[in-house]
Amino acid sequence: MTSRIEDYGFISDLHTGALISRRGSIDWLCFPRFDSDSVFGALLGTKDHGRWLLAPTDEHASLPAPATVNRTYRDSTFILESHWRTDEGDVLVTDFMPIGHAGSSIVRRIEGLTGTVRMHQELELRFGYGKIVPWVRRIRDDHGEALLAIAGPDAVLLRGPALPTADFNRSHVGEFIVEAGQVMDLHLCGYPSHEGAPAPIDISTALEETSAYWKGWASHYVSHGPYGEIVKRSLLVLRALTYEKTGGIVAAPTTSLPEQCGGKRNWDYRFCWLRDAALTLEAMMTHGFRREALVWRNWLLRSIAGDPQDLQIMYGVAGERELRERVLTHLPGYEGSSPVRVGNGAYKQYQGDVAGEVMLALERLRNDGVHEDHFSWPLQRSLLHFVEMSITRKDHGIWEMRGEKMHFTHSRVMMWAALGCGIRAVEENGLEGPAERWKKLRDVLRAEIMELGFNREIYSFTQTYGGTEVDASLLILPQVGFLRYSDDKMLGTVARLEKDLLNNGLLLRYRTETCSDGLDPGEHPFLACSFWLVEQYARTGRDMEARSLMDRLVSYGNDLGLLSEEYDTDNQRMLGNYPQAFTHLALIRAADALNVGN
């Protein structure tokens with residue numbers, strides 16, 4: 001049985017990531033990149049789709065022992081420590097992905113703390129998202145015994161003193177004893193099958209180096225305010241979702257975790273959305289991570305280079321443009337939620353807001369003293385040309401509606417914001433560009449938004465021009481300077497959002513029952529939207545409401561400080577892809593807004 005989403009811990013080596021359940025099972029892992037095929041895919045099916053279970057077992061049966069587990073990350077790292085307590089003794093399992101080594105791998109270190117504990121492991125390796133059963137055999141080389149699995153171009157090697165031995169129904173099962181003071185390491189690595197097996201690494205050294213990396217990175221953040229530690233963890237999540245080779249930031253390490261159990265809103269988030277990446281850049285800059293922001297800018301410039309008419313909303317981690325969406329029919333989905341999708345067809349969509357987010361992020365870099373070069377400013381000018389050429393186009397909106405294109409108010413505001421960035425670059429930074437033309441277009445666009453995007457009868461901005469429905473993305477209007485947080489029209493919009501979109505105290509993105517998004521209605525509150533509401537409250541003197549909502553949202557994080565995309569308040573559980581960059585980004589902004597009020 002698959003665990004609840006909040007029961008998973010997450011580890012990363014800045015190339016890929018794994019999800020480890022509270023029961024000690026690695027149920028999701030893709031080698032060698034975030035967007036590669038899974039080796040362990042039980043998250044979206046059963047153990048037969050791949051997993052690696054390691055946990056205490058009852059002495060008389062190969063069943064989980066009566067045990068409790070306390071999990072934590074080693075301070076400011078993604079080294080996951082699980083302290084198991086049984087009647088016979090205590091054992092510590094440390095899971096981490098070494099950083100700084102060729103290829104991706106996972107280490108599971110087992111340390112006996114007290115007494116004698118019998119450990120049980122089951123290893124089901126399945127390549128190709130759980131579809132391909134590899135050829136597995138035991139080998140011996142100069143470094144000792146190992147378990148080798150091969151299928152086509154892929155190979156996985158497991159080294160250690162406690163290899164599973166029994167091959168039972170395509171599952172490798174084994175048990176071993178750990179006594180107090182004893183340390184045992186299991187090291188699983190993936191590599192191309194045509195290459196030689198990688199040599200073993202010094203596990204203790206790798207652990208020290210990985211710990212030093214994460215702690216060194218986190219040391220640039222100065223914790224302050226009541227939410228300082230959860231902000232630090234959120235920044236660490238953003239870093240852990242970064243593909244180090246290129247600087248691309250994935251929205252989440254998972255695919256097809258449902259927005260509603262049993263529903264069809266199941267998407268692949270293992271790609272780099274320009275919107276998410278731009279917001280990540282701003283968060284990094286706000287908290288002192290300038291180097292990461294520069295690396296991201298370089299990824300951005302490489303990815304979007306070319307004809308501005310070819311601008312996409314999202315790319316692969318190395319800037320790939322073709323992200324073809326397909327359905328994996330052999331996977332039943334998380335708790336039966338199908339279809340399971342890989343790839344994301346939204347890459348073909350036009351979303352008018354994206355240029356605005358990118359321009360705002362690059363403006364932030366410029367204002368922080370990063371000089372424009374011969375490549376970066378011309379590319380921004382091409383983005384503004386794209387805005388000019390698209391000024392009358394309808395789009396799919398920030399939520400990637402798969403229904404009819406419309407004029408979304410939020411998208412139009414972000415186009416206004418993009419033009420403003422261009423104007424300020426010319427007037428305040430001395431860069432070349434047609435500022436007067438941009439001014440005229442910006443002013444026309446603002447007048448249009450105020451006329452068509454604001455409904456005086458309900459005294460609120462609306463999701464689309466001429467509509468009556470509202471959208472949580474309207475909370476971004478004051479964030480980008482379109483109007484003040486305290487503007488009467490913004491306060492009217494907030495009142496309407498509270499009336500129409502609050503669900504058990506949390507904010508929905510929009511009403512799926514009344515908005516045509518091309519899918520069956522039904523989803524749960526989107527956590528980022530509620531964090532935006534915290535920011536709005538904090539900026540308008542509603543401090544008690546802001547802190548109350550913030551505390552509630554933070555409480556939805558699991559014991560490791562991780563948050564997913566949505567939250568089911570009725571069943572008190574996380575839903576959607578996990579951990580979710582967009583949610584952690586919004587958390588950081590909300591905490592910053594509350595700190596300003598202190």
Side-chain angles (χ1 to χ4, degrees), residues 8 10-20 26-45 49-52 78 95-99 101-107 123-134 148-158 187-195 197-198 240-257 266-273 299 303 314-328 330-331 334 340-345 347 577-579 581:
Y8 284 99
F10 171 60
I11 58 176
S12 166
D13 64 355
L14 306 180
H15 294 95
T16 187
L19 294 188
I20 307 171
I26 301 177
D27 288 345
W28 184 252
L29 172 66
C30 301
F31 274 154
R33 302 193 336 180
F34 287 108
D35 57 351
S36 298
D37 291 10
S38 67
V39 174
F40 299 133
L43 181 70
L44 300 177
H49 297 106
R51 67 156 184 178
W52 185 10
F78 276 94
D95 291 302
F96 72 100
M97 301 185 77
I99 289 180
H101 293 264
S104 288
S105 63
I106 287 184
V107 172
L123 179 66
E124 288 95 7
L125 290 162
R126 300 291 187 269
F127 298 165
Y129 294 108
K131 192 173 185 179
I132 301 171
V133 180
L148 174 63
I150 293 178
D154 303 312
V156 169
L157 188 73
L158 176 64
H187 181 212
L188 183 86
C189 60
Y191 66 97
S193 61
H194 64 274
E195 297 181 1
L241 295 177
T242 301
Y243 186 66
E244 186 181 39
K245 287 184 177 180
T246 65
I249 302 165
V250 297
T254 57
T255 179
S256 299
L257 290 181
N266 317 320
W267 314 111
D268 193 346
Y269 275 16
R270 299 171 300 155
F271 306 111
C272 307
W273 272 254
W299 172 85
S303 297
M314 57 193 288
Y315 298 86
V317 295
E320 296 91 347
R321 292 171 177 260
E322 181 70 31
L323 308 176
R324 183 176 61 87
E325 182 177 308
R326 68 187 194 277
V327 173
L328 302 180
H330 66 279
L331 284 172
Y334 179 84
V340 171
R341 296 180 172 95
V342 294
N344 197 310
Y347 81 94
N577 283 304
Y578 166 90

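Heavy-atom basis, side chains included; hydrogens, waters and symmetry copies ignored.
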Could you report the tightest heavy-atom contact between [X] and [Y], atom names first, then the distance?
X    : Y    : answer
P198 : C189 : CG-SG, 3.4 Å
L148 : A155 : CD1-CB, 4.4 Å
I132 : G128 : CD1-CA, 4.3 Å
A318 : W299 : C-NE1, 4.2 Å
F31  : G190 : CE1-N, 3.5 Å
G17  : L29  : O-CD1, 3.7 Å

Is [Y] close to [X] at the side-chain level, that is, under 4.5 Å between some pair of heavy atoms?
X    : Y    : answer
P98  : V107 : yes
L14  : F78  : no
F127 : V156 : yes
V340 : N266 : no
C272 : Y243 : no
V133 : R126 : yes

Working to the nearest 0.5 Å, report the span between [atom1] of [X] and [atom2] of [Y].
X    : Y    : atom1 : atom2 : value
M314 : L323 : CE    : CG    : 5.0 Å
S193 : I150 : OG    : CD1   : 6.0 Å
T16  : L241 : OG1   : CG    : 10.5 Å
L44  : L328 : CG    : CG    : 8.5 Å
T254 : L19  : OG1   : CG    : 6.5 Å
I26  : R51  : CD1   : CZ    : 11.5 Å

[X] side chain to [Y] main-chain N or O, any donor-acceptor pair under 3.5 Å?
X    : Y    : value
R321 : S303 : yes
D35  : V317 : no
D268 : T255 : no
W52  : I20  : no
Y8   : W28  : no
H330 : Y129 : yes
D27  : L43  : no
S36  : C30  : no
T242 : E244 : no

Side chain to side chain contact (heavy atoms under 4.5 Å, CB included), that's the test. Do L188 and F40 meet it? Break it down for me.
CA-CA 12 Å; L188 183 86; F40 299 133; 3.7 Å; yes
R341: partners by salt bridge (charged side-chain N to carboxylate O under 4.0 Å, His left out), with sequence neighbours left out:
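Partners of R341 by the salt bridge (charged side-chain N to carboxylate O under 4.0 Å, His left out) criterion, ordered by chain and then number, come out as E325.
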I want to know whether F34 and H15 have ring centres closer than 6.0 Å.
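No, they do not, as the ring centres are separated by 6.0 Å or more.
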For the residue pair F271 and W273, does the interplanar ring angle fall in the parallel (under 30°), tilted (30 to 60°) or perpendicular (over 60°) class?
tilted
How far apart are the C-alpha atoms of R270 and N344, what are their side-chain angles, what is the distance that settles it, and do they pass the side chain to side chain contact (heavy atoms under 4.5 Å, CB included) test?
CA-CA 9 Å; R270 299 171 300 155; N344 197 310; over 6 Å; no
